[in-house]
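Worksheet: the structure to be examined is printed underneath.
Only a predicted model underlies this, so the values are computations on that prediction, with no experimental measurement involved. Just so it is clear: chains get the letters A, B, ... in the order the sequence lines come, proteins before strands, and each one is counted from 1.
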Amino acid sequence: MPSSTKREAILTTLHQIPAGKVIAYGQLAAAAGLPGAARLVGRVLGELPEDSQVPWHRVVSAQGKISLPPDSSGFIEQERRLRAEGVNCVNGKLSLKRYQWSG
DNA sequence: CAGCAGGCGGCAC
DNA sequence: AGTGCCGCCTGCT
């Protein structure tokens, strides 16, 4: 499987996440057919421009926390977008029980 | 709650 | 084509 396809698989899967829901890196990787490749997801998202159409902000760590430095612009933006979708995100933390997506 | 090793893919040499 | 290092991770000490 071409690497470009794997990247697409991740982005395609990500597009399926509805607003107001979140997904963990590992969960997304698995859903994209790449179990265990959580870190790959992080890298792919890191290459996306902040104003990308991709809902990268719906991806959080398996602990239900934003996996970015709290003082980074990305962190601010992610929490802002999540709140805009109705996700109660405080200090980069949220309840997976309530917002985790499951296809 | 912090620290560490494990597992998967991408990329540079 | 082979090898090694690195990451917006994870789960277990």
Spacing of A:Leu45 atom CG relative to B:dG9 atom P, expressed in whole Å: 17 Å
Polar pair under 3.5 Å, donor/acceptor by atom type, side chain A:Arg39, base B:dG6: yes
Salt bridge present between A:Glu85 and A:Arg58 (N-O < 4.0 angstrom): yes
Shortest side-chain distance from A:Glu47, nucleotide among B:dC11, C:dT10, B:dC8: B:dC11
Pair A:Ile10-A:His15, side chain to side chain contact (heavy atoms under 4.5 Å, CB included): steps then yes or no: CA-CA 9 Å; A:Ile10 290 173; A:His15 272 130; over 6 Å; no
Candidate nucleotides C:dG11, C:dC9, C:dC6, ranked by approach to the side chain of A:Arg43 - the nearest: C:dC6
Atom-to-atom span, CG of A:Leu34 to C1' of C:dG7 - whole angstrom: 15 Å
Rounded interatomic separation in angstrom, taking CG from A:Leu28 and C1' from C:dT10: 15 Å
From B:dG7, C:dG11, B:dG9, nucleotide with atom closest to A:Ala37 side chain: B:dG9
Separation of C:dC9 P from A:Gln63 CD (nearest whole Å): 10 Å
NZ/NE/NH1/NH2 to OD/OE distance under 4.0 Å, A:Glu47 and A:Arg43: no
Base partner of C:dT13, which must satisfy Watson-Crick or wobble distances under 3.5 Å: B:dA2
Chi angles and distances behind the side chain to side chain contact (heavy atoms under 4.5 Å, CB included) call for A:Glu79, A:Ile66: CA-CA 8 Å; A:Glu79 182 169 293; A:Ile66 291 179; 3.8 Å; yes
Sugar-phosphate, base or nothing in reach of A:Gly46, heavy atoms under 4.0 Å: base
Interatomic distance where CD belongs to A:Glu8 and P belongs to B:dG9 [whole Å]: 17 Å
Sugar-phosphate only, base, or nothing, as touched by A:Pro35 at under 4.0 Å among non-hydrogen atoms: sugar-phosphate
A:Leu40 vs A:Val60, nearer the 5' end of DNA chain C by closest nucleotide: A:Leu40
Spacing between A:Lys6 atom NZ and B:dG7 atom P, to the nearest angstrom: 18 Å
Which nucleotide in C:dT10, B:dG9, B:dG7 has an atom nearest any side-chain atom of A:Ala24: C:dT10
Atom pair CD1/CD of A:Ile76 and A:Gln78 - distance to nearest 0.5 Å: 11.0 Å
Minimum-distance nucleotide (side-chain atoms of A:Ser67 versus C:dC9, B:dG10, C:dT10): C:dC9
A:Lys65 NZ - B:dA2 C1' separation (whole Å): 11 Å
Length of the line joining A:Leu96:CG and C:dC9:C1', which is rounded to integer Å: 14 Å
